[in-house]
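Each chain gets a letter, A, B and so on, in the order the sequences are listed, and its residues count up from 1.
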There are 2 protein chains.
Amino acid sequence: MRPTVHDIAAAAGVSLATVDRVLNQRPGVRHVTREKVETAIRDLGYIRDVAAANLAKGRTYPLVFILPASDNSFMHGLNAEIRQAVLRSPAERTDIRIIEVPAFDPAALVSVLEGLSREKPCGIAMVATDAPEVRAVVDRLVRERFPIVTLVSDLTGSLRHHYAGVDNIAAGRTAARLLGRFLGPRKGEIAVLAGSMLVRDHRERLEGFAAVMAEEFPDLAILPVLEGRDDPEVAHRLVADALGNAGIVGIYSLGAGNRGLIRALKEKAADRTLTVVAHELTAHTRAALIDNTIDAILNQDAGHEVRSAIRILKAKADGLAVIAAQERIRLDIFLKDNLP
Amino acid sequence: MRPTVHDIAAAAGVSLATVDRVLNQRPGVRHVTREKVETAIRDLGYIRDVAAANLAKGRTYPLVFILPASDNSFMHGLNAEIRQAVLRSPAERTDIRIIEVPAFDPAALVSVLEGLSREKPCGIAMVATDAPEVRAVVDRLVRERFPIVTLVSDLTGSLRHHYAGVDNIAAGRTAARLLGRFLGPRKGEIAVLAGSMLVRDHRERLEGFAAVMAEEFPDLAILPVLEGRDDPEVAHRLVADALGNAGIVGIYSLGAGNRGLIRALKEKAADRTLTVVAHELTAHTRAALIDNTIDAILNQDAGHEVRSAIRILKAKADGLAVIAAQERIRLDIFLKDNLP
DNA sequence: CCAAACTTGATGTACGTAAATCAAAAAATC
DNA sequence: GATTTTTTGATTTACGTACATCAAGTTTGG
């Protein structure tokens with residue numbers, strides 16, 4: 001059997017109360033006594049039974065998820081996954097609240113975060129908007145000992161404890177290689193459809209994409225980025241216009257709004273053999289992959305991101321370790337053959 | 001607060017002891033009383049606190065992993081992941097034992113399984129050897145209420161509760177599409193290196209591969225399968241020989257023993273532009289992907305498989321639900337840009 | 001050396017469930 | 001209606017930890 005508090009008390013020659021004081025870092029223990037207890041803990045390999053401790057404490061984990069109020073499939077999916085997690089709350093002792101903030105609005109995000117510092121949740125997961133003032137509040141909250149993880153979009157250079165999302169530079173690079181390899185010896189131009197170059201993940205995807213294109217596929221030229229604002233209508237118009245250019249052989253869609261892209265492709269390019277790589281698996285992109293309108297989809301598993309964020313926040317709140325490999329968010333590549 | 005046993009006792013107008021009898025399916029409760037209690041449970045939305053229950057029971061989960069004693073990187077990796085899980089045992093209340101059986105030996109597997117039926121573990125995870133007699137014992141054990149999951153290699157048509165592994169037909173199909181698309185307009189022959197056609201997962205990969213090749217890439221012909229017995233030396237010899245054929249433009253390696261494949265490629269095909277798709281990410285295949293000897297790697301995450309198997313066995317033992325999406329084992333596709 | 005401050009022990013209750021025991025009540029059997 | 005059997009209640013202990021209280025012990029400082 002694994003050792004209990006009683007065993008350490010006996011081993012250290014102190015009372016249960018003293019062991020408790022050491023374990024929970026309560027005052028009133030002399031330095032030498034504390035060391036005796038800590039030695040016993042190490043020697044016996046004592047590990048606190050978190051389940052029993054939580055039971056005794058009646059602990060719950062109040063968590064807050066901060067999401068941009070964006071009306072696209074991916075954010076809807078992310079929201080749905082968090083609501084799934086809410087359903088599991090009783091079993092997981094979590095108490096999850098979702099706060100929506102206007103998208104691309106650092107000030108709004110900052111004020112929400114400042115409100116939270118009063119409310120004392122035991123963890124915050126946020127889709128970060130990349131701005132200095134956001135970084136500043138996040139750093140302050142981390143210093144005040146709030147566990148914070150960024151979700152989907154990171155806040156590089158901040159003190160956030162963890163990023164639950166994909167490596168977007170790698171995603172862009174992968175898209176470039178897929179597109180380049182699929183096109184083989186063909187030469188021509190590549191159209192890139194993004195949401196907005198103000199969003200860090202989109203910038204990073206483009207950066208990775210452009211890098212590999214330049215290094216390895218010099219016969220393919222990237223056209224100026226089309227900013228579709230993650231809006232299907234805008235995307236449709238931009239892509240339909242762009243397809244007037246007969247030199248386009250491939251498209252990389254690195255943001256949302258793929259519904260518009262797909263419609264434009266079906267209207268204007270049914271007769272052309274375009275190679276298309278898009279991000280985010282939704283009902284629309286899935287159908288387009290199956291009917292060969294899209295050739296490959298890169299995806300991040302929103303469910304995994306949410307579950308991972310929760311696990312990490314709980315672990316941080318308890319000062320426990322996590323299984324690193326389990327928390328790595330993969331870049332999923334879907335061809336029509338390996339769809340889930 | 002969520003309701004406790006006390007609340008249902010009060011609501012049903014019975015004593016705590018009776019609630020306990022109902023919850024734990026102990027005898028000595030009249031039918032009508034049992035129904036009263038069950039109604040109260042539903043009405044109040046009572047959920048048993050598994051942590052408290054496990055604490056009270058002093059429950060541990062004795063689990064058994066049965067693996068083939070194969071000396072290849074993948075099985076070593078799988079073994080290592082299980083040992084990692086053993087290290088987490090205290091926190092997870094598991095008690096994991098690994099049993100190795102001779103590979104490809106249904107009789108050995110059967111006798112181990114029969115031995116287990118006496119020992120009463122609360123769950124069994126096994127890399128299945130696909131044979132009728134194995135299916136028979138598995139079905140018998142499942143009927144005797146042992147939770148069983150197959151790992152890596154499935155036992156189709158048996159009553160096993162779950163399969164923690166990838167869809168190998170989809171894997172083969174994906175490999176074919178990658179190879180076909182990467183080769184583009186090139187015509188020629190494709191060499192396939194397998195471990196053994198006696199193993200179900202290898203047969204399935206080939207089946208999926210051949211299907212897509214036939215449907216979509218008629219200019220590429222599949223050569224007779226090279227059976228490398230998952231052994232680097234054998235694989236090396238077979239591939240080196242095969243490369244005498246100048247018509248080969250691509251290789252699909254669907255088993256283990258890739259070290260031999262890679263060496264053969266470097267010796268005999270450094271000057272040729274072969275397209276190569278291989279399975280399983282190891283130190284060797286990773287290096288080969290980076291230096292362009294291999295173009296894509298398909299992988300199954302052994303760590304995920306092990307953790308998933310454990311979660312599922314525990315859930316089955318407690319009669320609880322699992323998060324289906326979390327337990328789906330992805331087919332990972334790695335290009336040199338999205339390596340972990 | 002005495003008082004104040006600090007340190008430690010002893011003890012009890014709680015968390016939500018499991019499981020056992022024994023007594024009492026109800027139902028079924030004759 | 002008495003007897004046996006079944007059902008139910010009441011109560012207790014336990015799991016491993018948290019946390020509070022109070023008494024007793026040990027150090028300090030003056």
Assign each of A/Arg26 and A/Ala52 to its nearest nucleotide of DNA chain D by heavy atoms, then name whichever residue's nucleotide is nearer the 5' end. A/Ala52

Base, sugar-phosphate, or nothing: which does A/Asn54 touch, judged by heavy atoms less than 4.0 Å apart? nothing

Short side-chain N/O contact from A/Thr18 to OP1 or OP2 of C/dG9, under 4.0 Å: yes

If you take all heavy atoms of B/Glu133 and B/Pro106, which pair is closest and at what distance? OE2-CB, 3.6 Å

Answer with base, sugar-phosphate or nothing: what part of the nucleic acid does A/Val50 contact at a heavy-atom distance below 4.0 Å? nothing

Using whole Å, report how far CG of A/Leu55 lies from P of D/dA14. 17 Å

Indicate, with a heavy-atom threshold strictly under 4.0 Å, whether B/Ala53 touches base, sugar-phosphate, or nothing. sugar-phosphate

Using a 4.0 Å heavy-atom cut-off, does B/Asp20 contact any base of the nucleic acid, only the sugar-phosphate backbone, or nothing at all? base

Give me the atom names and distance for the closest heavy-atom approach of B/Pro3 to B/Asp7. CA-OD2, 3.2 Å

Would you indicate what A/Gly58 reaches in the nucleic acid, counting non-hydrogen atoms under 4.0 angstrom: base, sugar-phosphate, or nothing? nothing

Let me spell it out: for each of B/Val29 and A/Pro3, pick the nucleotide of DNA chain D with the closest heavy atom. Which residue's pick is nearer the 5' end? B/Val29

Do any side-chain nitrogens or oxygens of A/Ser15 fall under 4.0 Å of OP1 or OP2 in C/dT8? no

Between B/Arg328 and B/Asp167, is the closest basic N to carboxylate O distance under 4.0 Å? no

With a 4.0 Å cutoff (strictly under), does any side-chain N or O of B/Arg30 reach OP1 or OP2 of C/dA26? no

Within less than 4.0 Å of OP1 or OP2 of C/dA18, is there a side-chain N or O belonging to B/Arg21? no

Closest heavy-atom contact between B/Lys120 and B/Phe146? CA-CE2, 3.9 Å

